[in-house]
Amino acid sequence: MSSNADENAVCSPLQIGDAAPDFQARSTMGEMNLSDYRGRWVLLFSHPADFTPVCTSEFIALSRASERFAALNCALVAVSVDSLYSHLGWVRAIHEHFGVTVSFPVVEDPSMVIGRAYGMLADDAPDAATLRATFFIDPDGIIRARLCYPATIGRSVEELLRVIAALQRVDKTNVVTPEGWRPGDDVLLPPYQDQVSALDAAGDTCWFHRTRPDQDTEAGK
Ligand code: BEZ
């Protein structure tokens, strides 16, 4: 097999449930700390490099969806190893070529302090380009989910929104969300935790897959 950084990528030493490491950095919207966002959900995402096609398509789609993220009380924070001046040039070029104003801060990480803390760099990467890593951070600063894609594959904005909505839904009441769940869809009851409950279960078509209409229609809206 040929050497390929993506094949050997390790997405993050950080696990679901870990505190998201705080950082202070320059961004296209001024100096910022990650902890400035405490009390809001944060989608922290790395991109391999400025002025590249997949990353440009993501920035356009994320900016166009900014009101949908705001409706979920979710801030977007982008990061890459490129310099602040590169970020500013790219943001300006996206505006000029596509008429889209990038709606979120783009953090510079030239020393790779953030990239290393979050495991955004492939283990044997030939250069400093980060993976397409995404961290879903809750209002208490806890990592609740993460995604890791190779540089060549763009993320789905719909999926990012869906995961945030699903995390918010399961936080509200004791339900779990099935495959492809979207706000308003049926939810599932959590699995039984003991034999007595499992043997006593009655009245459902399938005792280990108990769907219910979602009573909480506000979730994720
Ligand atoms: C891109 O965003 O298009 C890209 C970046 C790095 C490597 C390959 C593609």
Side-chain angles (χ1 to χ4, degrees), residues 9 11-12 14 20-38 40-70 72-122 125 127-138 141 143-161 163-164:
C11 184
S12 188
L14 296 171
D22 196 14
F23 58 80
Q24 184 175 48
R26 295 197 303 181
S27 84
T28 50
M29 295 186 176
E31 184 114 1
M32 56 157 281
N33 298 288
L34 183 67
S35 52
D36 295 341
Y37 292 91
R38 208 50 62 81
R40 301 183 64 187
W41 288 79
V42 177
L43 195 72
L44 175 67
F45 58 99
S46 66
H47 64 276
D50 295 352
F51 295 101
T52 51
V54 177
C55 301
T56 300
S57 72
E58 290 185 332
F59 269 43
I60 292 169
L62 286 162
S63 296
R64 287 184 172 148
S66 60
E67 288 183 8
R68 296 174 68 194
F69 286 98
L72 294 170
N73 189 32
C74 181
L76 302 170
V77 179
V79 59
S80 86
V81 298
D82 299 278
S83 73
L84 176 62
Y85 307 107
S86 171
H87 289 339
L88 291 172
W90 186 35
V91 163
R92 178 176 172 152
I94 288 173
H95 189 260
E96 286 171 355
H97 287 284
F98 301 96
V100 171
T101 302
V102 173
S103 59
F104 44 82
V106 189
V107 168
E108 69 165 2
D109 184 29
S111 60
M112 298 181 281
V113 171
I114 303 168
R116 287 195 203 290
Y118 280 82
M120 292 166 167
L121 295 147
D127 55 40
T130 61
L131 299 165
R132 229 172 266 290
T134 311
F135 293 84
F136 299 79
I137 302 170
D138 75 12
I143 294 168
R144 299 290 302 279
R146 57 181 187 153
L147 296 172
C148 189
Y149 290 5
T152 46
I153 308 290
R155 286 162 282 215
S156 160
V157 168
E158 290 301 324
E159 178 63 1
L160 302 178
L161 287 159
V163 172
I164 296 162

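Positions are given from 1 along the sequence.
In this structure, R144 CZ and I164 CD1 are separated by 12.0 Å, a value rounded to the nearest 0.5 Å. Summarising the geometry, atom OH belonging to Y37 is positioned 9.0 Å from atom CG belonging to L76; distances are rounded to the nearest 0.5 Å. Taking SG of C148 as the start and CD1 of I153 as the end, the distance is 12.0 Å to the nearest 0.5 Å. Remark: D36 CG to D22 CG distance equals 8.0 Å, nearest 0.5 Å. Atom OG of S27 is separated from atom CZ of F104 by 11.0 Å, given to the nearest 0.5 angstrom.
Within a 6.0 Å radius of CZ in R40, other residues, nucleotides and ligands contribute more than 12 heavy atoms.
At least one side-chain heavy atom of L34 sits less than 4.5 Å from a side-chain heavy atom of I137. In this structure, the side chains of V102 and T28 stay at 4.5 Å or more apart for every pair of heavy atoms. Side-chain contact check for Y149 versus T134: every heavy-atom pair is 4.5 Å or farther apart. The closest side-chain heavy-atom distance from M120 to V79 is below 4.5 Å. Side-chain atoms of L160 and F45, non-hydrogen and from C-beta on, never get closer than 4.5 Å to each other. Side-chain contact between C74 and F136 is absent, with no heavy atoms from C-beta onward closer than 4.5 Å. Between T152 and V54, the closest side-chain pair of non-hydrogen atoms is not below 4.5 Å.
Residues M32 and V77 approach most closely at CE-CG1, 4.0 Å, considering heavy atoms. A pairwise comparison of heavy atoms in W90 and A49 identifies CH2-O, 4.5 Å as the closest pair. Of all heavy-atom pairs between A117 and L14, the closest is O-CD1, 3.6 Å. Nearest approach of G89 to F51, heavy atoms of both residues: C-CZ, 3.4 Å. Annotation for C55 and H47: closest pair SG-CB, 3.7 Å, computed over non-hydrogen atoms.
Among residues at least two apart or in separate chains, salt bridge (charged side-chain N to carboxylate O under 4.0 Å, His left out) pairs with a member in residues 98-117 are R26-E108. Screening residues 41-58 for salt bridge (charged side-chain N to carboxylate O under 4.0 Å, His left out) gives E58-R132, E58-R155 as the qualifying pairs, with residues at least two apart or on separate chains.
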Which pairs would a plain distance check flag for residues 63-70, meaning a side-chain donor or acceptor within less than 3.5 Å of a matching protein atom at least two apart in sequence or in another chain?
from, atom 1, to, atom 2, distance (Å)
S63, OG, F59, O, 2.8
S63, OG, S103, N, 3.4
S66, OG, S63, O, 3.0
R68, NH1, E158, OE2, 2.8
R68, NH2, E158, OE1, 3.1
R68, NH2, E158, OE2, 3.4

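No hydrogens or angles considered: nothing links the side chains of S35 and N33 as a donor-acceptor pair under 3.5 Å.
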